[in-house]
Amino acid sequence: MDFEAFFKTRLDALKAEGRYRVFTGIARRAGAFPRARDHAHGGEITVWCSNDYLGMGQHPDVLAAMRAALAETGAGAGGTRNISGTTHHHIALERELAELHRKPAALVFTSGYVANEAALATLGSQLPGCVIFSDALNHASMIQGIRHSRADKVIFQHNDPADLERLLKTADPARAKLVAFESVYSMDGDIAPIRELCDVAKRYGALTYLDEVHAVGLYGARGAGVAERDGVLDRVDLVQGTLAKAFGLVGGYVAASAMLVDFLRSYAPGFIFTTALPPAIAAGAVASIRYVKGAAELRQRHQERAARLKQRLAAAKLPVMASDSHIVPVLVGDARLCKQAADDLLERHHIYVQPINYPTVPRGGERLRFTPTPLHSDADIDALVAALSDVWSRLPIRRVA
């Protein structure tokens, strides 16, 4: 087989469809976010697609904690957690995460993707006769974990407790059941009815698994997520989250009962067989979580910025999609046009946003996904809306009537 020809053919197909990704090398500068330098084109740009939702990746408390830990421990952890990679920084981080979610224990993974894949694959493969009930719009990491578990999978309609109950009624009562869903869905920005989904799951003896990746740090009195905001932390058996978004670093985790966490620690290959996060990352994460827990004003500012951007886009007759959260998607509806719009924003207006195409969203649902932060000013928002209006006038993309 001509492997190179095969790879080229597949890549050419992506390019022809307009879905080929071109990465822009940007240089973030601590203290300047959301500004960055564009190494490919030169000059300063404003970043509008960062998942560093609160700008904590540059916070002085975080940087100071990381510098101190780096000087103390060196660069790497030195091994997997089971061998020599568990340091006091990892233990402190897991205690902090458990306290954040009001759970007895937590376990840190190298990324949110790995946390989902490892936890769901392990639970699905180990629980006897397990059936996993998965929301139709669950993240790729959850889908992959369920697939790797080889457990029976049943998909319920998105955010629909009635459909979940209809499906649970048909399951064998003797089989182990797990209901997996997210709180904030990052492409549409809608929020799950956590209480209602948990009520249904508990009626049928199912374990509840909640991905709060796009909510931790941003919702609730202390930033524990939508489950905290809605007063249902105690209804969720396992919370999965990330350190890479609102907390500004890298890594993922789960928080649950001490027994469930110990079970995953002992059986999940994605935890057992990978090198631990560097201690400096763990130390920075502890500092970030502690700061964010007490920063209610930061969460309020974040929500206000998102609301203002939505209002300004709607007033400009730009196709901002309905969203219950901080996610601000603007519909384009065509892969080629979506990429061209993103290119024009960068080259003409020095605004950086990446196109969102299939398979992340359905074909026809291509969009630009904006993530306002507390650090985006009114002037930044006005500049973005003006730039989008200019791009929309130049490209055949529909406005709102």
State whether D390 and R348 are salt-bridged, where the test is any N-O pair (Lys NZ or Arg NE/NH1/NH2 against Asp/Glu carboxylate O) under 4.0 Å. yes
Would you say the side-chain atoms of T122 pair up with the backbone N or O of A119, donor to acceptor, closer than 3.5 Å? no
Find out whether P372 and V328 are in side-chain contact, i.e. whether some heavy atom of one side chain is under 4.5 Å from a heavy atom of the other. yes
Without swapping roles, check the side chain of S84 against the backbone of G78 for a donor-acceptor pair under 3.5 Å. yes
Taking atom CG of L384 and atom NE2 of H349, what is their separation to the nearest 0.5 Å? 10.0 Å
Does atom CZ (R29) have a neighbourhood of more than 12 heavy atoms from anything else shown, all under 6.0 Å? yes
At what distance, to the nearest 0.5 angstrom, does CE of M259 lie from CG of L264? 12.5 Å
With heavy-atom distances below 4.5 Å as the criterion, would you say the side chains of V114 and T274 are in contact? no
Is the shortest side-chain N to carboxylate O distance from E94 to R81 below 4.0 Å? yes
Is the shortest heavy-atom distance from the side chain of F181 to the side chain of C198 under 4.5 Å? yes
Tell me whether S288 contacts the main-chain N or O of A285 through its side chain, where contact means a donor paired with an acceptor under 3.5 Å. no
Is it the case that the ring center of H376 lies less than 6.0 angstrom away from the ring center of F370? no
For D199, is there an ion pair with R203 - N to carboxylate O distance below 4.0 angstrom? no
Under 3.5 Å, is there a donor-acceptor pair between the side chain of D211 and the main chain of N116? no
A36 to V47 - nearest heavy-atom pair and separation: CB-CG2, 3.9 Å
With no hydrogens and no angle check, just 3.5 Å: does a side-chain donor-acceptor pair link S141 and H139? yes
Between V154 and V131, is the side chain to side chain contact (heavy atoms under 4.5 Å, CB included) condition met? List the steps. CA-CA 7 Å; V154 179; V131 184; 3.8 Å; yes
Note, F273 side chain near T80 side chain (heavy atom, < 4.5 Å): no
Can you name the closest pair of heavy atoms from V179 and A201 and give their distance? CG2-CB, 3.9 Å
Please determine whether side chain to side chain donor-acceptor pair (under 3.5 Å) holds for the pair R147 and Q144, giving the CA-CA distance in whole Å, both sets of side-chain angles, and the decisive distance to 0.1 Å. CA-CA 5 Å; R147 182 179 294 129; Q144 195 77 338; 2.6 Å; yes
Return the minimal non-hydrogen interatomic distance between S323 and D188, and the atom names on each side. CB-O, 3.7 Å
Heavy-atom nearest pair, F109 first then L277, reads O-CD1, 3.8 Å
Within 6.0 Å of CZ in R399, more than 12 heavy atoms from elsewhere: yes
Check whether any side-chain N or O of R235 sits under 3.5 Å from a backbone N or O of R195 as a donor-acceptor pair, and report yes or no. no
Is there a donor-acceptor contact under 3.5 Å from the side chain of W392 to the main chain of R398? yes
Does the side chain of R369 reach to within under 4.5 Å of the side chain of V353, using non-hydrogen atoms? no
Before giving the answer on salt bridge (Lys or Arg N to Asp or Glu O under 4.0 Å), spell out for R175 and D152 the whole-Å C-alpha distance, their side-chain angles and the decisive distance to 0.1 Å. CA-CA 11 Å; R175 296 183 69 178; D152 289 342; 2.8 Å; yes
Would you say R21 has more than 12 foreign heavy atoms packed within less than 6.0 Å of its CZ? yes
Salt-bridge criterion met for D234 and R102 (N-O under 4.0 Å): no
Between OG on residue S186 and CG on residue L137, distance to nearest 0.5 Å: 10.0 Å
Quick test of your reading of the model: are D52 and R28 salt-bridged, counting only N-O distances below 4.0 Å? yes
S377-D380 side chain donor-acceptor pair, cut-off 3.5 Å: yes
Step-by-step side chain to side chain contact (heavy atoms under 4.5 Å, CB included) determination, D38 to H350: CA-CA 9 Å; D38 177 3; H350 311 292; over 6 Å; no
In this structure, CD of Q157 is separated from CZ of R166 (nearest 0.5 Å) by 6.5 Å
Starting from the C-alpha separation in whole Å, work towards a yes-or-no answer on side chain to side chain contact (heavy atoms under 4.5 Å, CB included) for E165 and Y204. CA-CA 8 Å; E165 181 156 31; Y204 295 89; 2.9 Å; yes
Tightest non-hydrogen contact, residues V62 and M56, listed as CG2-O, 3.7 Å
Side chains of D382 and R308, heavy atoms from C-beta outward: is any pair under 4.5 Å? yes
Is a side-chain donor or acceptor of N357 paired with a backbone partner of E366 at a separation under 3.5 angstrom? no
Please confirm whether the backbone N or O of A32 pairs with a side-chain atom of Q58, one donor and one acceptor, at under 3.5 Å? yes
For R95, is the CZ atom crowded, meaning more than 12 foreign heavy atoms sit under 6.0 Å from it? no
Tightest non-hydrogen contact, residues L318 and V385, listed as CD1-O, 4.1 Å
Among E212, H302, H326, H214, exactly one meets side-chain hydrogen bond (donor to acceptor under 3.5 Å, both in side chains) together with Y219. Which residue is that? H326
For the pair R299 (side chain) and V292 (backbone), establish whether a donor and an acceptor sit closer than 3.5 Å, ignoring hydrogens and angles. yes
Apply side chain to side chain contact (heavy atoms under 4.5 Å, CB included) to residues H89 and V286 and explain how you reach the verdict. CA-CA 8 Å; H89 292 294; V286 170; over 6 Å; no
Does the side chain of W48 come within less than 4.5 Å of P34's, by heavy atoms? no
Out of the candidates R222, K293, K103, only one should pair with E96 under the salt bridge (Lys or Arg N to Asp or Glu O under 4.0 Å) rule; please name it. K293
Looking at NZ of K15 and NZ of K339, how far apart are the two atoms once the value is rounded to the nearest 0.5 Å? 10.5 Å
Given the ring of Y53, does K245 sit roughly above its face, with NZ or CZ under 6.0 Å from the centre of the six-membered ring and within 45° of the axis? no
Rounded distance [0.5 Å steps], CG in L368 versus SG in C338: 4.5 Å
Quick one: are V216 and Y253 in side-chain contact, heavy atoms under 4.5 Å? yes
Is the side chain of N159 donor-acceptor paired with the backbone N or O of P193 at a distance under 3.5 Å, no angle test? no
Using a cut-off of 6.0 Å, state whether more than 12 heavy atoms not belonging to K202 lie near its atom NZ. yes
